[in-house]
Amino acid sequence: ACGGGSGGGGGIEESEDGTTKITIATVGSDSGSQAFYADKQGFFEDEGLDVEVKIVANVPELAAAVESGDAEFALTSPTSVTSASVAGIDFQIVAGGAIYTQDNPGVWVMLPEDSDVTSIEQLEGRSLAVNALNTMPHLSTLATLEDAGADISKVNVVTLDFTQVGQAFESGQVDAATVTAPFNYQIEADGLGSTLLAPYDAVNAGEDFYNTIWFGSEEVVDANPEAVEKFRAALKAANAWANDPANEEERKSILQEYTSLTDETLATMQLLQFGDEVTEDMVQPTIDIMERFGVIPEPVEAASVIAE
Amino acid sequence: MTVTSAPVADTADDGTAVVRRRFSSASFNWRGLVFVVALVALIELLTMTVVNSIYVPRPSQIAEAFVAEIGRGEMLSGIGGTLLAYAQGLAIATVLGVILGAALGAFQPAYNTFRIVIEFLRPLPSVALIPFSILLLGVGPTTTVAMIVYASFWPILFNTYYGVRDVNDVAVDTARIFGLSRLAVFFRVQIPSAAVNIAAGIRISAAIALILVITVEILTRSGGLGYYIIRMQVAIRTEDMYAGILLVGIIGYVINLAMAGLERRLVFWNGDIRTNGGSR
Amino acid sequence: MKATAIDRDVERGKGHSVTDGERILQVDGLRKRYAPDAPLVCDGLEFDVKEGEFVAIIGPSGCGKSTLLRMLSGILAPTSGQVRLRGQLVNSPPPEMALVFQDYTRSLYPWLTVEKNVRFPLARRRDIAAADKTSRVAEAIATVGLSGFEKYHPGQLSGGMQQRVAIARALAFQPEILLLDEPFASVDALTKEGLEDTLLGIRDRLGDSGNTMLMVTHDIDEAIYLADRIVVLSKPPCVVAEELIVDIDRPRSQVETRSHPEFLRIRALVHDIMGLTDQRHGSH
Amino acid sequence: MKATAIDRDVERGKGHSVTDGERILQVDGLRKRYAPDAPLVCDGLEFDVKEGEFVAIIGPSGCGKSTLLRMLSGILAPTSGQVRLRGQLVNSPPPEMALVFQDYTRSLYPWLTVEKNVRFPLARRRDIAAADKTSRVAEAIATVGLSGFEKYHPGQLSGGMQQRVAIARALAFQPEILLLDEPFASVDALTKEGLEDTLLGIRDRLGDSGNTMLMVTHDIDEAIYLADRIVVLSKPPCVVAEELIVDIDRPRSQVETRSHPEFLRIRALVHDIMGLTDQRHGSH
Amino acid sequence: MRSTMHRVVPWALPVLILVLWEVGGRVSSSIYLPPLSKVMTVFAQDWLFDHTVSDLLPSLQRFAIGYLVGALLGIVIGLSIGTSRRVAEYTGPTLEFMRSLPAVAVMPVAVLLFGLGDGMRISIIAFGVLFPVLVNTVSGVRSCSQERIDVARSYGLSRPAIIRRVILPSAVPMISAGLRIGLPIALIMMVVSELIGGQNGIGFYLTQAQSVFNIAGMFTALIILGVVGNVINTVYTRIEARQLHWAKNL
Ligand SMILES: Nc1ncnc2c1ncn2[C@@H]1O[C@H](COP(=O)(O)OP(=O)(O)OP(=O)(O)O)[C@@H](O)[C@H]1O
Ligand SMILES: Nc1ncnc2c1ncn2[C@@H]1O[C@H](COP(=O)(O)OP(=O)(O)OP(=O)(O)O)[C@@H](O)[C@H]1O
Ligand SMILES: [Mg+2]
Ligand SMILES: [Mg+2]
């Protein structure tokens with residue numbers, strides 16, 4: 001099963017009753033929740049898809065699941081598809097996921113409650129926690145810092161899981177942290193910290209871009225245009241449903257089923273918006289920022305990682 | 001670390017007292033309970049006064065959450081899968097570990113051949129191997145079981161290796177004298193001689209396997225109690241997360257109790273018979 | 001048979017004539033059962049040991065001799081009854097006592113050399129100068145004929161040599177009361193003679209107030225040669241079947257003592273008693 | 001002294017008069033050194049054993065008797081020289097041989113009961129019916145006087161009882177050649193007499209073609225009482241110091257044999273030799 | 001002659017595996033199995049000597065301290081549990097409970113107690129090493145023969161003296177096995193502890209490599225762990241062989 005995607009084979013099988021069986025892997029949070037809605041609301045079924053939704057943890061596991069053919073499609077960030085591409089793994093983006101918008105950024109730089117920092121460049125010489133290096137939260141914060149005139153080499157970046165940030169703030173271990181929902185809400189509610197700014201604003205000059213996307217291996221994508229179409233169509237329907245404020249209550253209850261978030265947390269949470277079409281200009285900014293901070297050695301064209 | 005015989009036993013007034021105490025310790029350990037209660041009370045006190053963190057719930061809150069979660073059923077729903085993967089993983093690791101460890105212990109050339117590879121593989125953290133395992137075995141119970149086997153195999157292998165290697169010469173020679181084949185000597189003398197060590201290895205691995213099954217479930221989100229714990233952590237339900245961890249600890253405790261009971265039966269001749277006499 | 005029975009009674013009377021002041025050890029109704037459901041091993045043992053006396057204990061294999069020594073030395077608790085040392089209840093090993101175990105293989109420490117094994121009980125003794133310790137150890141090792149093997153580990157020694165290390169350890173310790181459990185079982189005849197005389201030498205050097213010794217042995221001649229008194233135990237559950245006074249002058253010598261009429265008389269007596277005591281094995 | 005030396009020479013001649021066909025064991029220039037830098041233990045041992053013969057081996061403690069038995073039984077490789085069994089080189093334990101170890105505590109399996117320990121060597125034998133095994137085991141246990149202790153574990157037995165379990169195990173195995181390393185060291189006088197006669201009984205039952213036995217012992221009387229020939233080893237590095245033929249008729253009996261003039265003659269001779277051989281300990 | 005064989009044989013299998021790796025990597029197109037030569041190139045680039053100084057050395061330091069602390073605690077607690085029924089009864093259940101806790105469960109408490117720095121990481125390594133050593137120590141103590149203890153008691157040694165001079169040496173072979181089992185566990189815990197709040201270390205390097213699909217980089221980290229494991233083990237075996245030659249006679 002080591003050969004590129006050989007485990008999944010080129011073809012996705014159609015079962016006797018005409019449904020197409022696929023497995024998809026996603027993360028158990030709001031940003032990966034499209035699949036849950038599509039599954040629960042029957043959008044997959046409508047397209048003749050018989051989908052098994054697996055929840056997987058992190059980028060390496062997601063990639064391995066797709067690479068081995070264990071899952072046909074999986075959710076990740078554009079940055080990891082780009083990294084994979086640079087490393088010689090041919091992943092192709094097949095559909096859109098959560099979108100950044102200026103009024104719904106999804107990621108925030110937060111400061112502990114008693115912090116004397118008032119603007120971001122003051123973080124020079126201090127410690128900043130990010131969940132992982134070279135991911136969007138990290139790079140966008142660097143961009144924000146640099147744009148504000150700070151010397152980023154003087155910022156002491158430490159990696160810290162989102163779940164640990166609250167505790168680190170409480171005990172004064174870090175001076176700032178880049179946090180996603182719902183942790184930012186919780187930290188604010190607990191009175192441990194406050195929001196400084198949204199670092200994603202610096203990625204695409206405040207314009208929309210994809211925060212997460214769906215991808216598959218090139219081999220599978222090329223060999224199964226029909227299945228890809230059906231998957232896109234189902235997600236499109238799911239997006240329309242999820243983006244409709246009228247469905248917010250129902251959406252939250254499905255989300256709760258998968259994530260076990262409490263009612264209080266859900267009540268304070270601003271839900272993410274999802275996009276259908278994956279266009280180059282909604283992916284390229286993330287790739288550019290990777291290049292800016294030397295994560296990838298040379299420029300990559302967004303078109304090369306987006307499936308037809 | 002089982003609560004059993006102590007060679008330098010506390011002074012007893014007469015033999016029967018010692019015997020009685022042995023029995024009472026086997027049936028119920030009040031002292032252990034007292035210690036636990038005292039410790040919990042201390043933590044409760046500390047978390048109420050000195051340690052004031054929302055990320056460190058008080059024992060009473062955890063207990064409350066524990067009861068509530070048991071009632072809700074969510075926490076227990078994945079436990080079957082977790083225990084199954086655990087049992088499979090530990091069983092495979094035990095069989096492999098005992099057989100290979102014994103073979104290496106009984107046959108030095110084999111040990112020489114594999115030494116470097118073994119020492120190379122041993123320190124590789126299973127955490128780092130998960131992606132490779134997913135690549136080969138996919139996401140799900142197979143990967144979980146494989147990772148449990150990988151981590152809990154080594155203690156059994158090494159304890160068995162030492163036990164078999166250090167078996168006393170006279171015992172082995174006796175069997176050889178009576179014309180037992182190498183294989184028979186191996187199974188009927190070396191393995192039983194090493195039983196004390198093997199049992200200790202299995203007891204170590206029983207705990208490691210539990211840690212691993214939870215860790216892998218956490219890292220791969222592949223269901224079970226580990227997934228419950230990480231879901232609670234990500235959902236910022238700290239009390240419920242600790243309730244899950246409490247459950248892991250309780251499971252571990254019960255498993256250990258069972259293991260210790262089993263061990264006492266299997267290697268009954270180890271020390272027990274002598275101390276049965278009630279030495280002071 | 002009757003006659004010997006009377007003989008014995010007379011002698012037992014003698015055995016009990018010691019006054020309280022002279023008694024160093026009192027064994028009082030000692031019973032032992034290894035587990036609640038196990039058979040009784042000792043069933044009310046009763047005898048005294050005088051200060052400076054050499055007592056030999058004989059009895060059939062498995063009758064409870066080692067059990068008795070372990071209880072005397074305070075490492076095994078009796079089920080009932082008590083051991084008193086100068087009137088004090090023995091419930092933990094008294095400092096003035098040493099025991100040479102029957103199971104010498106297991107009683108030596110495999111991680112220590114011969115020299116260190118012998119030195120072992122002295123190491124913590126503050127009251128002895130280091131130089132003194134060293135000379136005591138060297139002397140004890142020489143006494144048992146192991147000079148030259150100081151740096152060996154027990155696993156590198158023959159059975160008899162190991163047993164002699166255990167003896168040397170007890171000798172170097174110089175206890176007031178020495179308990180010996182079949183100490184010469186694995187030693188050749190000549191070495192044994194030498195060691196027997198060593199024990200007698202130690203005893204005689206200090207006279208009646210000197211070391212008290214209790215020795216379990218299967219060698220009846222040895223028992224008579226060495227002892228002032230022989231305690232014969234019955235088959236299990238053991239009681240004291242007989243106590244025999246050995247009224248042969250000291251110093252004794254291998255040649256003379258063993259042909260002493262009293263020696264031969266007691267020898268015949270013991271042989272007779274042993275035959276009576278243990279009826280499973282008739283003498284052929 | 002001179003006279004005895006001549007005596008001995010004559011007897012040694014006798015010892016070598018066996019013809020090739022009768023020889024079951026040939027010991028040829030056996031040398032042993034436990035480690036390259038360790039002193040020599042055996043320095044060219046040389047003797048033969050006839051089929052059905054009972055050979056006693058005596059020698060000072062630590063001279064290499066156990067080492068010799070281990071080499072004879074094929075579990076210890078000699079540094080040079082060889083052991084031949086019916087002309088075949090012995091380099092692994094031959095199936096027709098059994099050895100009772102001196103270190104009985106360790107040669108018993110603590111996880112097996114007495115009964116299972118005795119049964120141990122038989123368990124894998126396909127050529128014996130199960131019922132046969134059971135009766136052999138029961139008989140062997142009864143022979144050593146341990147009936148009733150079948151369900152005990154070795155740790156629950158006295159030293160002498162453990163040693164007898166080891167003997168019972170070898171008896172139940174019924175080997176053609178039985179090697180015994182101080183088998184009665186921890187056994188009381190009476191039991192010992194019984195076991196000695198058991199061995200003689202086994203030997204006599206089959207006559208000269210029967211079981212061949214080699215026994216290491218420290219008890220000179222025992223050696224003479226049992227053996228057809230006594231091999232006396234020198235102090236280490238050991239060589240064969242003497243071989244003595246014991247020309248006393250069989251069947252022997254404890255009472256008669258031990259007062260036989262030949263018995264007394266050999267006894268005196270051996271005492272003399274032992275005194276000469278090991279000069280560290282003069283007899284007192 | 002024999003000793004050269006003795007030295008050569010252990011290397012046969014590793015060399016064979018390395019050759020197969022190179023061949024397999026070249027034949028297979030899988031990105032997940034880069035040929036050995038490529039891994040070695042990355043190895044030279046990364047580990048000579050930038051990351052050795054920035055990642056390996058700090059990791060090893062934490063490993064060493066954590067291992068020593070854990071091993072020492074394991075032996076001390078193991079001895080007290082093994083030799084005193086009281087201590088065993090009081091602390092047994094609590095320790096059995098703690099022993100089953102995964103590092104994730106311990107981590108928040110460690111962070112609370114020691115912050116995000118090396119203290120936390122060292123405590124996690126020590127926690128991982130503690131239990132194998134402890135379990136083996138208790139087993140070793142329990143298998144000490146009664147005669148051996150009785151001898152010391154009959155010579156009037158005090159309880160602490162018996163523990164130090166009889167029980168501890170008797171248990172040494174088992175403790176040694178425990179220490180050896182603890183070695184790789186310490187390495188693993190070292191990696192795990194570097195996954196959180198990390199700024200350097202092999203574990204940190206490993207996750208970075210993993211997140212950008214630097215498979216060759218991952219392999220170099222694994223190789224380093226393997227080599228470190230082997231070196232430590234060899235040193236340990238040498239010491240053990242010299243000190244424990246009597247173990248067979250227990
Ligand atoms: N495993 C060993 N390693 C090194 N030397 C040994 C070993 N076993 C025995 N020796 C040495 O070999 C010599 C002979 O030992 P052996 O056990 O054969 O004596 P033995 O004649 O049986 O003595 P005993 O009558 O006391 O049992 C001794 O000096 C002993 O130190
Ligand atoms: N640890 C034990 N547990 C149970 N029973 C025991 C134990 N030790 C000894 N016994 C039993 O106690 C009895 C006496 O044993 P002991 O060792 O005192 O005999 P002994 O007189 O020293 O015999 P020997 O001369 O054979 O050494 C035996 O029947 C034995 O089975
Ligand atoms: Mg005894
Ligand atoms: Mg010997």
Side-chain angles (χ1 to χ4, degrees), chain C residues 34-35 38-39 41 58-67 101-106 145-146 148-149 156-164 181-182 184-197 217-221 236 253-255 270-271 274-275 277-278 280-284, chain D residues 34-35 38-39 41 58-67 101-106 145-149 156-164 181-182 184-197 217-220 236 253-255 270-271 274-275 277-278 280-284:
Chain C
Y34 275 96
V41 175
I58 59 179
S61 169
C63 76
K65 302 179 294 297
S66 301
T67 304
F101 285 78
Q102 180 177 14
D103 189 354
Y104 51 89
T105 5
R106 289 213 210 141
L146 285 178
F149 291 94
Q156 298 171 308
L157 299 181
S158 77
M161 291 159 92
Q162 290 181 27
Q163 191 161 39
R164 284 181 276 153
D181 198 350
E182 298 181 32
F184 308 137
S186 302
V187 163
D188 65 294
L190 254 160
T191 314
K192 186 168 162 172
E193 282 187 3
L195 290 171
E196 284 168 3
D197 291 333
T217 178
H218 282 315
D219 184 335
I220 295 165
D221 289 9
S253 91
Q254 296 281 357
V255 181
V270 173
H271 273 254
M274 291 291 284
T277 322
D278 185 358
R280 269 183 302 159
H281 312 273
S283 82
H284 303 248
Chain D
Y34 274 97
V41 175
I58 60 179
S61 167
C63 76
K65 302 177 294 297
S66 300
T67 305
F101 285 83
Q102 181 176 17
D103 189 356
Y104 53 88
T105 5
R106 287 212 210 138
L146 285 178
S147 304
F149 290 94
Q156 298 171 306
L157 298 181
S158 78
M161 291 159 92
Q162 289 180 27
Q163 191 162 36
R164 285 181 275 154
D181 199 350
E182 298 183 33
F184 308 138
S186 302
V187 163
D188 65 293
L190 255 162
T191 313
K192 186 167 162 173
E193 283 187 5
L195 290 171
E196 284 167 4
D197 291 334
T217 179
H218 283 316
D219 184 335
I220 295 165
S253 90
Q254 296 281 359
V255 181
V270 173
H271 273 254
M274 292 290 283
T277 322
D278 185 357
R280 271 183 300 162
H281 311 275
S283 82
H284 303 252

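For clarity, every value in this text was computed on a predicted model and none was experimentally measured. The analysis underlying the following values was restricted to heavy atoms, covering all of them including side chains, and did not include hydrogens, waters or symmetry mates.
Comparing D:Gly64, D:Ala38, D:Gly62, D:Gly59 by how many heavy-atom pairs each has under 4.5 Å with chain C, the most go to D:Gly62. In terms of heavy-atom pairs under 4.5 angstrom with chain C, the leader among D:Gly160, D:Gly159, D:Ser158, D:Ser186 is D:Ser186. Counting heavy-atom pairs under 4.5 Å between each of D:Thr105, D:Asp219, D:Thr217, D:Asp103 and chain C puts D:Thr105 at the top.
For D:Lys65 (side chain) and D:Glu182 (main-chain N/O), no donor-acceptor pair under 3.5 Å exists by modelled atom type.
When the side-chain contact (heavy atoms from CB on, under 4.5 Å) test is applied to C:Ser66, the partners found at least two apart in sequence or on another chain are C:Arg70, C:Gln102, C:Asp181.
A donor and an acceptor atom, one from each side chain of C:Arg164 and D:Ser61, are located under 3.5 Å apart.
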Derivation and outcome, side chain to side chain contact (heavy atoms under 4.5 Å, CB included), residues C:Val187 and C:Leu195: CA-CA 9 Å; C:Val187 163; C:Leu195 290 171; 4.3 Å; yes
